[in-house]
Amino acid sequence: MEKILVTKSSMPSLDEYVEQIRPLWDSHWLTNHGSLYMELVDKLKTYLNVPNIELLVNGHMALEMTLQAMHLSGEVITTPFSFASTTHAISRNGLTPVFCDIKEFDGTIDEDLIESLITERTTAILPVHVYGNLCNVKKIEEIAKKHGLKVIYDAAHAFGVEYQNVGVGNFGDASMFSFHATKVYNTIEGGAVCFGNSALGDEILSLSNFGIRTEEIVDGIGGNAKMNEFQAAMGLCNLRHVDDEIAKRKHVVKLYKEMLKDVEGITYFEEQKDVKSNYAYFPILVHKELYGMDRDALVEALKEHNIYSRKYFYPIISDYDCYKDIYDSSDTPVAKRISDMVITLPLFADLEDMQVERICTIIRNLKK
Ligand SMILES: *Cc1c(COP(=O)(O)O)cnc(C)c1O
């Protein structure tokens, strides 16, 4: 039986990449904002339709340094239904994460619960466009304005997503994108921050290079989080193909939905209105009473067929060993419940129709 993994990194042809890195053998300029980096900055600004962007070594450091650059203090309201990075970025800045529950129908933060969590110590909100699903950006902006809070979006999943023709990176004070190998668009490892206020960019760029402002002035306690030229080269190549890849992903998701729509006990999120999706993931929810098998059993059964899905996200962050003594995950019951039901199925541009059909037939036949 052919093995199907949950994801497969997008890559250009070897020749295309070699051509892209060839000039580096003349310049010997490998990192510290070289010409490939500068070219990628320009191209991504256009592609993502944003006024400002800085590129960093990975998405996590982009988020960590954005929070640092904002000089926040106290509490940050966020979602426990995310990847470790979101909450860790808050904690590693000496800030206190406060977990808000999510909405059942799209997995994003429940904007109606945010205000009840605001205290006099709250300084920011860090929501996640989870699976590329857009948060309620309008309502969140209203709340932030009313209470004088910053909004930083974890847009790691949302590369290329648009809302009413506006690039997702335009919402909030800043948005972080991840260009990790497993994401829709990759620079091997990599990440970016988009923001409206250009002073913030100078701060982030400086922090990502040890807080070095000029040759003789170091005015921030930064680290090292620069994107190098080999990453930028991969980014330039992958950017040429990303629209094509997203179109192929769309086809895969459409096929999954058609083939799974009548399977009792299996549901999925609907497409959001006015949102141009990037088809980053295909999460399904397993309803044990109707399907006759719980999520964990289905993951194991798929494995026996050599199909590797992922419990993404399980456990929720407040149940991690490093947080569970401080938080009670039953405070966010929806996140907890969804996390017990969810699987992301294999999804990548080259996944073939036959493979999708095989996966769906197995899921259909496993129903008790
Ligand atoms: C991938 C991811 C990150 C971290 O990005 P890296 O580029 O891997 O550092 C942060 N948040 C979410 C939701 C992610 O999926």
Side-chain angles (χ1 to χ4, degrees), residues 6-10 40 44 48 53-68 76-93 97 99-100 102 106-109 124-135 151-161 168-169 171-172 174-194 204 207-208 223-228 230-232 234-235 238 249 269 278-283 310-318 320 323 335 338-339 342-344 347-348:
V6 70
T7 185
K8 186 170 144 190
S9 298
S10 301
L40 188 59
L44 282 175
L48 294 170
I53 190 167
E54 299 295 348
L55 309 182
L56 287 95
V57 69
N58 59 50
H60 177 78
M61 289 311 291
L63 190 56
E64 222 179 277
M65 296 199 157
T66 302
L67 296 179
Q68 187 184 352
V76 177
I77 296 171
T78 188
T79 156
F81 190 70
S82 185
F83 184 59
S85 169
T86 317
T87 300
H88 286 356
I90 299 171
S91 299
R92 288 170 59 84
N93 268 287
F99 291 117
C100 182
I102 60 169
D106 64 11
T108 65
I109 198 164
I125 311 173
L126 204 179
V128 180
H129 299 303
V130 66
Y131 308 127
N133 288 342
L134 193 88
C135 298
V151 179
I152 306 98
Y153 283 104
D154 180 333
H157 294 177
F159 186 85
V161 170
V168 73
F171 301 109
S175 298
M176 175 277 281
F177 292 93
S178 165
F179 305 152
H180 182 257
T182 56
K183 304 298 206 277
V184 166
Y185 167 76
N186 84 77
T187 59
I188 310 172
E189 294 257 11
V193 194
C194 302
I204 293 167
L207 286 173
S208 74
N224 182 359
K226 301 183 296 290
M227 175 180 279
N228 69 51
F230 290 82
Q231 291 176 288
M234 186 63 116
N238 280 337
R249 285 172 172 272
F269 298 128
N278 65 356
Y279 307 93
Y281 298 90
F282 186 62
R310 187 169 171 202
K311 300 178 202 174
Y312 195 64
F313 299 100
Y314 174 86
I316 58 171
I317 297 173
S318 42
Y320 288 2
Y323 293 118
I338 299 290
S339 155
V342 73
I343 312 180
T344 53
L347 174 57
F348 43 90

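All ligand and atom numbering here is 1-based and tracks the order in the structure. Since this is a predicted model, take the numbers as computed values, not measurements.
For the pair H60 and ligand 1, the shortest N or O to N or O distance falls below 3.5 Å. The distance criterion of under 3.5 Å between nitrogen or oxygen atoms is met by S178 with respect to ligand 1. Backbone and side-chain nitrogen or oxygen atoms of G59 are examined, and one is located within less than 3.5 angstrom of a nitrogen or oxygen of ligand 1. Residue contacts with ligand 1: Y281 is placed with no nitrogen or oxygen under 3.5 Å of a nitrogen or oxygen of the ligand (distance criterion only). The shortest N or O to N or O distance between E189 and ligand 1 is not below 3.5 Å.
Closest heavy-atom approach to atom 14 (C) of ligand 1 within the set A89, A62, A156: this belongs to A156.
Looking at M61 against ligand 1, nothing comes within 4.0 Å, counting heavy atoms. The residue F313 has no part lying near ligand 1, judged by heavy-atom distances below 4.0 Å.
H157 has its side chain out of reach of N133: every pair of non-hydrogen atoms, C-beta onward, lies at least 4.5 Å apart. Between T79 and F313 the shortest side-chain heavy-atom distance does not fall below 4.5 Å.
The protein heavy atom nearest to atom 15 (O) of ligand 1 is H157 NE2, 2.8 Å. The protein heavy-atom contact nearest to atom 11 (N) of ligand 1 is D154 OD2, 2.8 Å.
Taking all atoms of both residues into account, the shortest heavy-atom contact from H60 to S85 is ND1-OG, 2.8 Å. Taking each heavy atom of L67 and I152 in turn, the nearest pair found is CD2-CD1, 3.7 Å. Here the closest non-hydrogen pair linking L126 and Y153 is CD2-C, 4.5 Å. Taking all atoms of both residues into account, the shortest heavy-atom contact from S10 to V184 is OG-O, 4.2 Å.
Between H129 and F159, the ring center distance fails the sub-6.0 Å criterion.
Ligand 1 places these atoms under 4.0 Å from at least one heavy atom of G190: 7 (O). Those atoms of ligand 1 with a heavy atom of N58 less than 4.0 angstrom away are 7 (O), 9 (O). Taking a cut-off of under 4.0 Å to the non-hydrogen atoms of K183, the atoms of ligand 1 that pass are 1 (C), 2 (C), 14 (C), 15 (O). Shown in contact with Y312 at under 4.0 Å from a heavy atom are these atoms of ligand 1, numbered in order with element: 15 (O). Near S82, meaning under 4.0 Å from any of its heavy atoms, are these atoms of ligand 1: 13 (C). Listed by atom number, the atoms of ligand 1 under 4.0 Å from F83 heavy atoms are 2 (C), 3 (C), 12 (C), 13 (C), 14 (C), 15 (O).
In this model, a donor atom of one side chain and an acceptor atom of the other lie less than 3.5 Å apart for D154 and T86. N228 and K226 share no side-chain donor-acceptor pair at under 3.5 Å. Between the side chains of Y323 and S91, at least one donor N or O sits under 3.5 Å from an acceptor N or O.
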